[in-house]
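Everything on this sheet refers to the single structure shown next.
All residue numbers in this chain count up from 1 along the given sequence. The figures here come from the full heavy-atom set of this structure, side chains too, leaving out hydrogens, waters and symmetry mates. Atoms within a ligand are numbered from 1 in the order they appear, just like the ligands themselves.
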Amino acid sequence: MSFNLSSVLISDEVDQKCVKILEENGIKVLKNSKLSKEELLKEIPNYDGLIVRSATKVTADVIAAGKKLKIIGRAGTGVDNIDCNEATKRGIIVMNTPGGNTLSAAELTCTLICCVSRNVHSGDRAMKEKKWSERKALMGSELYGKTLGIVGLGRIGKEVALRMQSFGMKTIGFDPIIPAEVSAEFGVQSMSLEELWPLVDFITVHTPLIPQTKNLINDAVFAKCKKGVRVINVARGGIIDEEALLRALESGQCGGAGLDVFTSEPPADFTLAQHPKVVATPHLGASTSEAQERVAVEIAEQFVDLAKGKKLFGA
Ligand code: NAD
Ligand code: MLT
């Protein structure tokens, strides 16, 4: 399939390499990450393609206004900010760049596991407040010999497992579509969630946010885990029930959390992010120069391939 793709609007902060590749291939580009919703609705009718990260909400009205729109590209993994049903109804292709930011998201996950186990965030806060004596309250625990439960054994879950095994962690996990023989190849013992909960010292989630994973980690799950279990979410806000997490942190059932993502971003309420047992980052999983360059190049090349009638790629 090939079609006329002569103009593309980039409405988020996407690496400049994306613009360069599109322009080198004769595609006219406007990059403007400061458009208001009204301005986006006015601009979009002029373009064949739209490229976004997560800030632009590609809602049904934006898609409907894109009279010439044939393709929407997400320079990243999750397409939750794009109304894919509306796009499909109108015959518009939605593409992403799965894999481009996998290593960055995996590395941030491992960083948060380390921070939570050693209270790095609390130690840093104490130092900035010149409170050396707080070190007494900041006893941590080793990762060596502990069990990490990985929910979602796709691209990021697998890379997290491989890295945390080098700390001596035992890695167990669950994924409805990854066969046990496959996860065993990267050192993860697969089991049901019911079997996994009582065994884990740390849980990290790496699934999409879908009805089956919304509030997957909830009050009932915390109750099935060991007291002091620690949880990490670098996937999507809402996979861990935020209110249940706060209750578990307060009661001590949860010993700490590392959170990069929130049900609303920025959070409407910063109580969780400000909790002393929480290390929080503002959705930085893909925020490395390497990942941003990769996703920018990948999405641009995919657009060019499509314009030239080459095979499509994406999740
Ligand atoms: P992936 O598609 O490679 O893996 C996701 C896995 O989740 C799949 O193997 C799937 O079978 C599994 N899964 C689906 N439903 C499940 C369930 N109910 N229980 C257990 N497993 C289930 O995706 P990925 O690239 O590894 O990304 C994982 C998540 O991380 C996505 O939500 C993505 O949007 C997010 N992400 C966040 C950042 C960030 O900046 N924080 C960066 C990249 C990706
Ligand atoms: C993704 O799904 O790719 C991430 O959340 C990172 C991003 O927002 O770019």
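- Nearest protein neighbour of atom 42 (C) of ligand 1, counting heavy atoms only, is A105 CB, 3.7 Å.
- Around the CZ atom of F186, the shell of radius 6.0 Å holds more than 12 heavy atoms that belong to other residues, nucleotides or ligands.
- Neither the backbone nor the side chain of V295 has a heavy atom within less than 4.0 Å of ligand 2.
- A donor atom on one side chain and an acceptor atom on the other are not found under 3.5 Å apart for E159 and T102.
- Within 6.0 Å of atom CZ in R135, 12 or fewer heavy atoms from other residues, nucleotides or ligands are found, so the atom counts as exposed in its surroundings.
- At a threshold of 4.0 Å, the pair E38-K42 does not count as salt-bridged, since none of the basic side-chain nitrogens sits closer than that to a carboxylate oxygen.
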| query | Should S6 and D48 be marked as a side-chain hydrogen bond (donor to acceptor under 3.5 Å, both in side chains) after you check the CA-CA gap, both sets of side-chain angles, and the distance that decides it? | reply | CA-CA 7 Å; S6 57; D48 302 311; 3.0 Å; yes
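- Short contacts between ligand 2 and S54, defined as distances under 4.0 Å to a heavy atom of the residue, involve ligand atoms 8 (O).
- In terms of polar-atom proximity, L216 is not counted as a contact of ligand 1, lacking any N or O under 3.5 Å from an N or O of the ligand.
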| message | Test side-chain contact (heavy atoms from CB on, under 4.5 Å) on I44 and L50; report intermediate values, then the result. | response | CA-CA 8 Å; I44 198 75; L50 172 67; 4.0 Å; yes
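- In the vicinity of N101, heavy-atom distances shorter than 4.0 Å reach the ligand 2 atoms 1 (C), 3 (O), 6 (C).
- For atom 15 (N) of ligand 1, the nearest non-hydrogen atom of the protein is I210 CD1, 3.9 Å.
- Atom 35 (C) of ligand 1 has A235 O, 3.6 Å as its closest protein atom, hydrogens excluded (heavy atom only).
- For the residue pair N25/K308, the side-chain donor-acceptor check at 3.5 Å is satisfied.
- Every N/O-N/O distance between Q292 and ligand 2 stays at or above 3.5 Å.
- Residue-ligand proximity, I177 to ligand 1, at heavy-atom distances under 4.0 Å covers atoms 11 (O).
- Atom 12 (C) of ligand 1 has as its closest protein heavy atom D175 OD2, 3.1 Å.
- Relative to atom 37 (C) of ligand 1, the option among V234, T213, L209 with the closest non-hydrogen atom is V234.
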| task | Any chance you could lay out the side-chain hydrogen bond (donor to acceptor under 3.5 Å, both in side chains) test for T263 and E242, step after step, and finish with the verdict? | result | CA-CA 8 Å; T263 44; E242 292 183 344; 2.8 Å; yes
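- Of the residues listed (K146, R230, R118), the one engaging S141 in a side chain to side chain donor-acceptor pair (under 3.5 Å) is R230, and it is the only one.
- R155 NH1, 4.0 Å is the protein heavy atom nearest to atom 23 (O) of ligand 1.
- D12 and S33 share no side-chain donor-acceptor pair at under 3.5 Å.
- Contacts between T77 and ligand 1 below 4.0 angstrom, taking non-hydrogen atoms only, involve the side chain exclusively.
- Heavy-atom proximity to G78, at under 4.0 Å, picks out these atoms of ligand 1: 34 (O).
- The distance from ligand 1 to the heavy atoms of H206 drops below 4.0 Å at these ligand atoms: 5 (C), 6 (C), 7 (O), 28 (C).
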| said: Run the side-chain contact (heavy atoms from CB on, under 4.5 Å) test on E39 and E43 for me, step by step, so that the C-alpha distance in whole Å, both residues' side-chain angles and the decisive distance to 0.1 Å come before the verdict. | reply: CA-CA 6 Å; E39 288 166 335; E43 275 295 340; 5.6 Å; no
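- Each of the atoms 20 (C) of ligand 1 lies under 4.0 Å from some heavy atom of V151.
- When atom types are taken as modelled, the side chain of N101 and the backbone of A291 share no donor-acceptor pair closer than 3.5 angstrom.
- Counting the atoms of ligand 1 from 1 in the order shown, those under 4.0 Å from a heavy atom of F174 are 19 (N), 20 (C), 21 (N).
- When non-hydrogen atoms are compared, ligand 1 lies under 4.0 Å from the backbone of I156 as well as from its side chain.
- For ligand 1, the atoms sitting less than 4.0 Å from at least one non-hydrogen atom of G154 are 3 (O), 4 (O), 6 (C), 9 (O), numbered in the order shown with element in parentheses.
- Annotation for K20: atom NZ does not count as buried by contact number, only 12 or fewer foreign heavy atoms lying within 6.0 Å.
- Partner K31 forms a side-chain contact (heavy atoms from CB on, under 4.5 Å) with one of I10, V8, L9 and no other, that one being I10.
- Distances below 4.0 Å separate heavy atoms of H283 from the following atoms of ligand 1: 39 (C), 40 (O), 41 (N).
- Among protein heavy atoms, the minimum distance from atom 6 (C) of ligand 2 is reached at A286 CB, 3.4 Å.
- Counting heavy atoms closer than 4.0 Å to ligand 1, residue N101 contributes side-chain atoms (C-beta onward) but none from N, CA, C or O.
- Every atom of ligand 1 is numbered from 1 in the order shown, and the set under 4.0 Å from a heavy atom of G152 is 7 (O), 20 (C), 21 (N).
- Between G78 and ligand 2, at least one pair of N/O atoms sits closer than 3.5 Å.
- For the pair K226 and D201, the salt-bridge criterion is met [side-chain N within less than 4.0 Å of a carboxylate O].
- T207 O, 2.8 Å is the protein heavy atom nearest to atom 32 (O) of ligand 1.
- In this structure, the side chains of L148 and T204 come closer than 4.5 Å at one or more pairs of heavy atoms.
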| task | Before giving the answer on side-chain contact (heavy atoms from CB on, under 4.5 Å), spell out for T288 and Q292 the whole-Å C-alpha distance, their side-chain angles and the decisive distance to 0.1 Å. | result | CA-CA 6 Å; T288 64; Q292 285 314 309; 6.0 Å; no
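- K214 NZ: 12 or fewer foreign heavy atoms inside a 6.0 Å radius.
- No N or O atom of Q212 sits closer than 3.5 Å to an N or O atom of ligand 1.
- Residue contacts with ligand 1 for P208 involve both N, CA, C or O and side-chain atoms from C-beta outward (heavy atoms, distance under 4.0 Å).
- For atom 5 (O) of ligand 2, the closest non-hydrogen atom on the protein side is H283 NE2, 2.7 Å.
- Nearest to atom 8 (O) of ligand 2 among the protein's heavy atoms is R74 NH2, 3.2 Å.
- Within ligand 2, counting atoms from 1 as listed, the ones closer than 4.0 Å to a heavy atom of G76 are 3 (O).
- Scanning the protein heavy atoms around atom 3 (O) of ligand 2, the nearest turns out to be T77 N, 2.6 Å.
- Checking P176, A291, G237 against atom 13 (N) of ligand 1, the nearest heavy atom belongs to P176.
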